[in-house]
Amino acid sequence: GAARLLVIENSEPALHAVLEGLAAKGLRAQIDGRIADVRDRERIFRLLGEFKPDIVFHAAAYKHVPLMERHLIEAVENNVLGAWNVARAAAEFEVEEFVLISTDKAVQPASVMGMTKKLAERLCLAAGDFSGRGRYLAVRFGNVFGSAGSVVPLFEEQIAAGGPLTVPHRDMERYFMSTPEAVALVIEAGAIARGGEVFCLDMCDPVRIEDLARTMIRQSGKNIELVFSGVRPGEKLAELLWEDNEVPTATSHPRIRSARLDRPHGSETQRIVNVLARLVETRNEEGLRSYLIEKLCAATPKVTPELTQLSLAKARAAAGW
């Protein structure tokens, strides 16, 4: 029912594809698109100042876990500082609601990607302190079937090439949702938010990657080998839904739980952003990694398969799923 929709994208082909797809649906909304990068603070402020949207959904992030292990500075610049630029612009122009699309990898993060998304959650919700009226929230969920970079398109490519299908570990499992499910539940979370919450979507039971691979091989009708390739840097065997200090509670929607997020306030928020910006600008990767660990992971125990499975069971029980 939106009257106007602005799509901001840093990829020309992706923006063109989205706009063409929306046009083909015959929506009544006025649809516009702009090429911009969330790391360009001035450009983002100018766009939000021009359009003055009521709601902002922020989904721009680098998400490939092993790749981001080798690109710490770029991950922080895009996933943290870029998200902060959008959240602050939303506060500056009194956007009614800001929704950060987050990930289960932000919980007890074992990767650069997870750490940047966890910090993005905290900073984006803190940006609400600079807003006179806006609601700021984060929504966590797992993998979306068929999304760019996800395992299903990879397996499809490997099957088309005759194999083998590569699975990191026999016990690796992930949460999956369809695109319509994820989109609908994100919008629902925004509708019930009061501000300052992190929401987690009920993604049902996690799927073992080996089972997914064998199902796709069977459906292909081909005799394709399955190879266990080993867990890559930053990967966990299973993802968690909540931090130990987060107490998930029911909402008015049966498939959405929420918790209050521990976050910085006021001048502390801006100080964190300034330190990160300085470390990124000077390309100080060692200092940046130390700062992230200091801010996020000082109290987080070393992640092991046993600990991950235990925490996962606790999270499921706490969420009532």
Are the charged groups of [X] and [Y] less than 4.0 angstrom apart, N to O?
X: Arg278; Y: Glu281; answer: no
X: Arg208; Y: Asp211; answer: yes
X: Lys118; Y: Glu243; answer: yes
X: Arg46; Y: Glu50; answer: no
X: Arg263; Y: Glu121; answer: no
X: Arg174; Y: Glu239; answer: yes
X: Glu69; Y: Arg232; answer: no

Using 0.5 Å steps for rounding, measure from the [atom1] atom of [X] to the [atom2] atom of [Y].
X: Ser220; Y: Phe155; atom1: OG; atom2: CZ; result: 12.0 Å
X: Leu100; Y: Arg140; atom1: CG; atom2: CZ; result: 10.0 Å
X: Phe199; Y: Leu137; atom1: CZ; atom2: CG; result: 5.5 Å
X: Asp32; Y: Phe51; atom1: CG; atom2: CZ; result: 4.5 Å
X: Phe130; Y: Thr269; atom1: CZ; atom2: OG1; result: 5.5 Å
X: Leu185; Y: Arg255; atom1: CG; atom2: CZ; result: 5.0 Å

Counting heavy atoms not belonging to Asn223, are there more than 12 under 6.0 Å from its CG?
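No, the 6.0 Å shell around CG holds no more than 12 heavy atoms from other groups.
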Do [X] and [Y] touch side chain to side chain, with heavy atoms closer than 4.5 Å?
X: Leu226; Y: Val167; value: yes
X: Ser131; Y: Tyr136; value: yes
X: Glu210; Y: Asp171; value: no
X: Asn85; Y: Val38; value: no
X: Val99; Y: Ile187; value: no
X: Arg257; Y: Asp202; value: no
X: Glu225; Y: Leu165; value: no
X: Met172; Y: Val231; value: yes

Are [Y] and [X] connected in a single hydrophobic cluster, I mean Ile/Leu/Val/Met/Phe/Trp/Tyr linked by side-chain heavy atoms less than 4.5 Å apart?
X: Phe141; Y: Leu261; result: yes
X: Trp84; Y: Val56; result: no
X: Leu81; Y: Phe98; result: no
X: Ile55; Y: Ile192; result: yes
X: Val186; Y: Val95; result: no

Under 3.5 Å, is there a donor-acceptor pair between the side chain of [X] and the main chain of [Y]?
X: Lys117; Y: Ile101; value: yes
X: Lys52; Y: Gly49; value: yes
X: Thr116; Y: Val80; value: no
X: Gln270; Y: Ser267; value: no
X: Gln158; Y: Thr166; value: yes
X: His64; Y: Leu67; value: yes
X: Asn79; Y: Tyr62; value: yes

Contact summary for [X] and [Y], nearest pair of heavy atoms:
X: Trp242; Y: Val198; answer: CZ3-O, 4.0 Å
X: Met203; Y: Gly142; answer: SD-N, 2.8 Å
X: Val144; Y: Ala182; answer: CG2-CB, 4.2 Å
X: Arg43; Y: Ile35; answer: NH2-O, 2.9 Å
X: Ala90; Y: Leu48; answer: N-CD2, 3.7 Å
X: Ala193; Y: Glu97; answer: CB-OE2, 4.2 Å

Cation-pi check, Arg41 to Phe45: give yes when NZ or CZ is under 6.0 Å from the six-membered ring centre and within 45° of the ring axis, no otherwise.
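Cation-pi check for Arg41 and Phe45: passes.
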Test side chain to side chain donor-acceptor pair (under 3.5 Å) applied to Glu197 - qualifying residues, sequence neighbours left out:
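In terms of side chain to side chain donor-acceptor pair (under 3.5 Å), with neighbours along the sequence ignored, Glu197 is linked to no residue.
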Enumerate donor-acceptor pairs with a distance under 3.5 Å from any side-chain N or O in residues 3-26 to protein atoms, sequence neighbours excluded.
from: Glu9; atom 1: OE2; to: Ser11; atom 2: N; distance (Å): 3.0
from: Asn10; atom 1: ND2; to: Asp37; atom 2: OD2; distance (Å): 3.4
from: Ser11; atom 1: OG; to: Ala14; atom 2: N; distance (Å): 3.2

Going through the checks in order, is the side-chain contact (heavy atoms from CB on, under 4.5 Å) test met by Asp244 and Gln108?
CA-CA 9 Å; Asp244 288 341; Gln108 290 193 14; 3.6 Å; yes
Step by step, would you call Val273 with Arg88 a side-chain contact (heavy atoms from CB on, under 4.5 Å)?
CA-CA 11 Å; Val273 172; Arg88 278 297 281 116; over 6 Å; no
Candidate pair Arg289 and Glu286, rule salt bridge (charged side-chain N to carboxylate O under 4.0 Å, His left out), full reasoning:
CA-CA 5 Å; Arg289 191 179 299 274; Glu286 182 178 347; over 6 Å; no
Pair Val76-Leu279, side-chain contact (heavy atoms from CB on, under 4.5 Å): steps then yes or no
CA-CA 10 Å; Val76 170; Leu279 291 169; over 6 Å; no
Pair Tyr175, Asp205 - check side-chain contact (heavy atoms from CB on, under 4.5 Å), show working.
CA-CA 7 Å; Tyr175 288 103; Asp205 292 331; over 6 Å; no
